Amino acid sequence: MAKPSIPKGTRDFSPVEMAKRNYIFNTIREVFHLFGFQQIETPAMENLSTLMGKYGEEGDKLLFKILNSGDFLSEATDEELASRNTLKLASKLCEKGLRYDLTVPFARFVVMHRNEISFPFKRYQIQPVWRADRPQKGRYREFYQCDADVVGSDSLLNEVELILMTDEVFHRFGIRTCIKVNNRKILSGIAEIIGEPDKIVDITVAIDKLDKIGLEKVNEELREKNISEKAIALLQPIILLQGTNREKLQTLQSVLASSEIGMKGIEELTYILDKVENANLRATFEIDLTLARGLNYYTGAIFEVKALDVQIGSITGGGRYDNLTGVFGMPGVSGVGISYGADRIFDVLNQLDLYPKDSLQTTQILFVNFGKTEEEYCIACARQLRKEGIRTEIYPEASKMKKQMGYADGKQIPYVALAGENEIAAGKITVKNMSNGEQKLLSIDELIALFK
RNA sequence: GUGAAUGUAGCUCAAUUGGUUAGAGCGUCGGAUUGUGGUUCCGAAGGUCGCGGGUUCGACCCCCGUCUUUCACCCCA
């Protein structure tokens, strides 16, 4: 038989890895609750009609599609089969797909449950998503997202709260971060000013390379993308945008003065900056015009978080989408959300070794097994300890001491309880502290007190 | 999706530019040690050299294909 394997870009998680991952999920969940978000879940698979066309052409290609069950080939005509057009056939053969993110399924959820939901609705969702991407470090085909979104409120206070929440999350993890913001309206304003509304993506991609390749090469690239000389000249102050956040806003204000939408974006960003500056963020906060993520549906603020001490893609991203539910026939509901990439946070935490010690411990005390007669006594003790919420296990075999102590050692169990003939006669338990080797003869109550 | 590297024991890596029986450290398991782990000593298990084909008297080594992992684009968490 061939060696078993798992699909490309997927992973198994060991007990130690799961302990770490649960620490991540629990920390994020706790902060979500702290900010008033409530949890929902949606199915792993959605109808392809829900998913297709929501992530752009690129996204459609990266969707995992699920083959229909049953005799689906009979549905297709000979003509269609002969055409060998994968995309066309796919729509015949597959009507379901694995979710690509949590935002679109959430939009679907809001539309389907609109009569039960009262707005503003703040929900969070921690579930895996799947993308048929080519895997790399920090990029998987199955990974978890932790999303928090607010729908049904236009207030910019939501944006501010999401930033404060993000700061709190990464503070708790001990990860030094830079929170970057941009605004889609400013990007639209820039496009309007230079008269190249279709080239926004090309422009932001080119500007993003400034540090790497320098101003001249950036301009060269812009020319290659058929952007006029006049437009490039107008872009110069934006490409060279530098200084503090305030200075950047000032520059933009003069460049975008004639663009109504651009000025709206600046106004929004200014409000956010005012509030955030007063909040004493622990993360650095930076306006970055090259942020152009998710351009397909973001309409206002755009966020992204980078870890300062680890070379990895962004670990969090989000933004405002004014009309996501519109595509499902429910216009006028705006939302703003943020998505934490649990798997990348996992990689960052591993690399920096930032796990708190007590987050990884499992069993607190192990009872050594001396044999059948002693087992009874241990089971009774264990029951009392567990009643007090102390994580307790009994070694299942009367193996050699070395083996049993080695088990406790390997599992990093801090205490080992020994209850043999002598202890049972005295109604007590010998407790060994595994870190310093000290042993004490204790009553069950004294043992419980040890953990309080 | 485009271009490029990579793959030997559970892990990290060797094997004299094609030569016969593929090695080491760590880890695992057992023993030294019948109520005491982390140290030490001894021993054992574990490999169709990623998989499939080809060249050759002979392939871990060369060639082709394929899969995995990784890197740069693209995109993104």
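Letters A, B, ... mirror the listed sequences (proteins, then strands); counts begin at 1. Predicted model only: the values in this text are computed from it and were never measured.
Between the CE atom of A:Met401 and the P atom of B:G37 there is a distance of 8 Å, rounded to whole Å. Between the CG atom of A:Asp101 and the C1' atom of B:C75 there is a distance of 14 Å, given to the nearest Å. With rounding to whole Å, A:Ile338 atom CD1 is found 11 Å from B:A77 atom P. Between A:Gln404 atom CD and B:U34 atom P the separation is 14 Å, expressed in whole Å. Atoms CG (A:Asp60) and C1' (B:C75) sit 14 Å apart, rounded to a whole Å. Rounded to whole angstrom, the span from the CD atom of A:Glu374 across to the C1' atom of B:G35 amounts to 10 Å. Counting to the nearest Å, the P atom of B:U70 and the NZ atom of A:Lys8 are 11 Å from each other. Here the C1' atom of nucleotide B:A77 and the CZ atom of A:Arg99 are 14 Å apart, to the nearest Å.
Using a 4.0 Å heavy-atom criterion, one finds that A:Glu423 contacts the bases of the nucleic acid, with or without backbone contacts as well. In this structure, A:Gly371 reaches neither bases nor backbone, as no heavy-atom distance under 4.0 Å exists between it and the strands shown. Using a 4.0 Å heavy-atom cutoff across all strands shown, A:Gly59 reaches no nucleic acid atom at all. Among the protein residues, A:Leu418 comes within range of the nucleic acid bases, having at least one heavy atom under 4.0 Å from a base atom. Within 4.0 Å of A:Tyr407, counting heavy atoms only, lies no atom of the nucleic acid at all.
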Pairs: protein N or O with nucleotides 1-3 of chain B N or O, under 3.5 Å:
| unit_1 | atom_1 | unit_2 | atom_2 | d |
| --- | --- | --- | --- | --- |
| B:U2 | O4 | A:Arg134 | NH1 | 3.2 |
| B:G3 | O6 | A:Arg134 | NH1 | 2.8 |

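Taking OH from A:Tyr321 and CZ from A:Arg184, the interatomic distance works out to 16.0 Å, rounded to the nearest 0.5 Å. Residue A:Asp60 holds its CG atom at 4.0 Å from CE of A:Met52, rounded to the nearest 0.5 Å. A distance of 10.0 Å separates CZ in A:Arg344 from OG1 in A:Thr316, rounded to the nearest 0.5 Å. Atom CD1 of A:Ile413 sits about 4.5 Å away from atom CD of A:Glu393, to the nearest 0.5 Å.
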What string of B, S and - do you get for nucleotides 40-45 of chain B, 5' to 3', if B is base contact, S is sugar-phosphate-only contact and - is no contact with any protein heavy atom under 4.0 Å?
------
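The closest side-chain heavy-atom distance from A:Arg172 to A:Glu30 is below 4.5 Å. In this structure the side chain of A:Ile394 never reaches within 4.5 angstrom of the side chain of A:Leu366, judged on heavy atoms.
Between B:C26 and B:U39, the distance separating the two C1' atoms is 16 Å to the nearest Å. Rounded to the nearest Å, the gap between the C1' atom of B:U20 and that of B:U33 is 45 Å. Here the separation of B:G10 from B:A5, taken at their P atoms, is 28 Å to the nearest Å. On the C1' atoms, B:G65 is 23 Å away from B:C71, given to the nearest whole Å. B:A4 and B:C13 have their P atoms separated by 25 Å, given to the nearest Å. The separation of B:C74 from B:G3, taken at their C1' atoms, amounts to 12 Å, rounded to a whole angstrom. When the C1' atom is compared between B:G54 and B:A44, the two are found 40 Å apart, to the nearest whole Å. Here, B:G46 and B:U40 have their P atoms 26 Å apart, quoted to the whole Å.
A side chain to side chain contact (heavy atoms under 4.5 Å, CB included) with A:Trp130 is found for one member of A:Met45, A:Arg99, A:Arg141 and no other, namely A:Arg99.
In plain terms, the two heavy atoms of A:Lys185 and A:Thr299 that are nearest each other are CG-O, 3.5 Å. In terms of heavy-atom proximity, A:Glu446 sits nearest to A:Ser443 at OE1-N, 2.8 Å. Considering all non-hydrogen atoms of both residues, A:Phe106 and A:Arg123 come closest at CE1-CG, 3.0 Å.
Residues that satisfy the ring pair (Phe, Tyr, Trp, His ring centres under 6.0 Å) test with A:Phe32, not counting sequence neighbours, are A:Tyr124, A:Tyr340. The ring pair (Phe, Tyr, Trp, His ring centres under 6.0 Å) check on A:Tyr355 picks up A:Tyr23, with sequence neighbours excluded. Contacts of A:Thr430 classified as side chain to side chain donor-acceptor pair (under 3.5 Å), with partners at least two apart in sequence or in another chain: A:Glu423. Looking at residues two or more places apart in sequence or on another chain, you find a ring pair (Phe, Tyr, Trp, His ring centres under 6.0 Å) between A:Phe451 and A:Tyr415. By the side-chain contact (heavy atoms from CB on, under 4.5 Å) test, A:Ser14 is found to be paired with A:Val16, A:Glu17, residues two or more places apart in sequence or in another chain being considered.
Using a cut-off of 4.0 Å between Lys/Arg side-chain N and Asp/Glu carboxylate O, A:Asp343 and A:Arg139 are scored as not salt-bridged.
Both A:Gly9 and A:Ser339 lie near RNA chain B, and the one whose nearest nucleotide falls closer to the 5' end is A:Gly9.
Checked by atom type, the side-chain pair A:Asn47/A:Ser49 shows no donor-acceptor distance below 3.5 Å.
The side-chain tip of A:Arg11 points at the ring of A:Tyr140 from less than 6.0 angstrom away and within 45° of straight on. For the pair A:Arg131 and A:Tyr100, the cation-pi test (distance below 6.0 Å, angle within 45°) is passed.
Of the residues in residues 430-440 of chain A, those placing a heavy atom less than 4.0 Å from an atom of RNA chain B are A:Lys432, A:Met434, A:Ser435, A:Gly437, A:Gln439, in numerical order. For the segment residues 161-177 of chain A, the set of residues with a heavy atom within less than 4.0 Å of an atom of RNA chain B is empty. For the contact set between residues 19-40 of chain A and RNA chain B, defined by any heavy atom under 4.0 Å, there are no members.
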Just do the salt bridge (Lys or Arg N to Asp or Glu O under 4.0 Å) check on A:Lys96 and A:Glu46 with the steps written out, would you?
CA-CA 6 Å; A:Lys96 299 178 289 297; A:Glu46 291 277 346; over 6 Å; no
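Taking 4.0 angstrom as the limit, A:Lys403 places none of its side-chain polar atoms (N or O) nearer than this to OP1 or OP2 of B:G31.
A side-chain hydrogen bond (donor to acceptor under 3.5 Å, both in side chains) check over residues 394-404 of chain A, counting only residues at least two apart or in different chains, returns nothing.
Checked against B:A77, B:G38, B:G35, the side chain of A:Asn422 finds its nearest nucleotide in B:G35.
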Represent RNA chain B in dot-bracket notation, 5' to 3'. Only Watson-Crick or G-U wobble pairs with both distances under 3.5 Å count; pseudoknot-style crossings use [ ] and interstrand partners use |.
(((((.(..((((.....[...)))).(((((.......))))).....(((((..]....)))))).)))))....
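Between the side-chain ring of A:Phe143 and the base of B:A77, a stacking contact exists by the 5.5 Å and 30° definition.
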